[in-house]
Amino acid sequence: MAEEHRCQAPEGHRLCANSCGFFGSPATMNLCSKCYRDFCLKEQQEASIKSTVQASLSASVSPSVSSSSLVIDFRSLPPPPLLTLPEVAEAEDVPTVPEVAVAAVCQPNRCNVCRKRVGLTGFKCKCGTTFCGIHRYPEKHACSFDFKMVGKEEIARSNPLIKAEKLEKI
């Protein structure tokens with residue numbers, strides 16, 4: 001990159017050997033920090049693969065053959081197969097989700113009643129859907145959430161029933 005603009009890099013700074021545009025140093029084999037880190041990781045992976053393969057070969061090869069005489073080119077080996085998840089067959093007794101609920105899950109940035117874009121100003125109701133400013137109230141969108149039952153449960157939790165022992169009559 002410096003050659004294109006006919007300018008010289010300052011003394012002690014050299015461009016990365018991978019031509020990525022950053023500066024490298026002699027301590028990192030004239031590579032920038034990112035390219036040097038990638039280079040080191042690649043070496044570590046190759047070393048670990050090599051030691052694993054040699055260990056497995058030495059365990060499976062007969063004692064008459066030495067493991068030092070075996071040379072394997074790792075670049076010629078095919079890549080490991082990708083793991084796939086097994087297919088799950090759908091059961092007939094599994095209830096299906098209504099299409100309205102699926103649409104609400106897919107597009108939470110639209111009002112569920114008028115389909116108006118709400119962006120960041122959308123109101124999330126206790127029934128789990130998003131509404132605009134006009135339809136945010138439960139009576140405006142026919143909310144299915146039972147507010148009375150939740151209120152009764154909350155009052156029952158906050159006011160537990162306390163019974164004292166009976167007093168002796170004189």
Side-chain angles (χ1 to χ4, degrees), residues 1-5 7 9-10 13-25 27-50 52-53 74-166:
M1 190 168 163
E3 294 82 21
E4 293 175 4
H5 300 291
C7 62
H13 297 289
R14 293 186 182 154
L15 289 176
C16 179
N18 284 345
S19 302
C20 65
F22 293 104
F23 291 106
S25 68
T28 59
M29 300 184 300
N30 292 329
L31 295 172
C32 65
S33 60
K34 184 181 180 305
C35 294
Y36 184 71
R37 184 182 66 220
D38 293 343
F39 176 75
C40 289
L41 285 173
K42 189 184 293 184
E43 280 186 345
Q44 288 175 353
Q45 289 174 348
E46 287 177 0
S48 65
I49 290 172
K50 189 175 184 178
T52 306
V53 169
F74 295 106
R75 293 175 190 91
S76 66
L77 291 175
L82 297 175
L83 297 176
T84 57
L85 296 175
E87 295 290 326
V88 178
E90 291 188 34
E92 294 178 358
D93 59 349
V94 177
T96 58
V97 179
E99 293 180 18
V100 176
V102 172
V105 171
C106 293
Q107 296 180 347
N109 58 349
R110 289 189 178 270
C111 175
N112 200 28
V113 175
C114 64
R115 308 302 298 161
K116 177 181 169 185
R117 292 194 116 203
V118 293
L120 296 174
T121 60
F123 294 92
K124 188 134 178 127
C125 182
K126 289 187 178 182
C127 61
T129 53
T130 305
F131 299 100
C132 64
I134 297 169
H135 299 109
R136 68 181 179 204
Y137 300 111
E139 57 272 3
K140 294 287 185 178
H141 67 264
C143 188
S144 61
F145 189 77
D146 191 6
F147 290 96
K148 285 186 179 180
M149 189 59 149
V150 171
K152 287 179 183 177
E153 289 174 359
E154 188 175 327
I155 289 172
R157 271 195 315 268
S158 62
N159 299 325
L161 185 62
I162 299 173
K163 287 188 176 179
E165 294 181 17
K166 290 187 176 182

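Each residue takes its place number in the sequence, starting with 1.
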Contact check, side chains of F145 and V150, non-hydrogen atoms, under 4.5 Å
yes
Are the side chains of Q44 and L41 in contact, using a 4.5 Å heavy-atom criterion?
yes
Side-chain touch N109/T130, heavy atoms, less than 4.5 angstrom:
no
Nearest 0.5 Å, what's the CG-CE distance between N18 and M29?
9.5 Å
Residue pairs involving residues 115-135 (criterion ring pair (Phe, Tyr, Trp, His ring centres under 6.0 Å); sequence neighbours excluded)
F131-H141
C16 to C32 - nearest heavy-atom pair and separation:
SG-N, 3.4 Å
d(C132 SG, K140 NZ) to nearest 0.5 Å is 10.5 Å
Do you know which two heavy atoms are closest between R110 and R115, and how far apart they sit?
NH1-O, 2.9 Å
Tell me whether D38 is salt-bridged to K34, with the criterion being a basic N under 4.0 Å from an acidic carboxylate O.
yes
Should the heavy atoms of other residues, nucleotides or ligands under 6.0 Å from CD of E139 be counted, would the total exceed 12?
yes
CZ (F23) and CG (L15) are apart, to the nearest 0.5 Å, by 5.5 Å
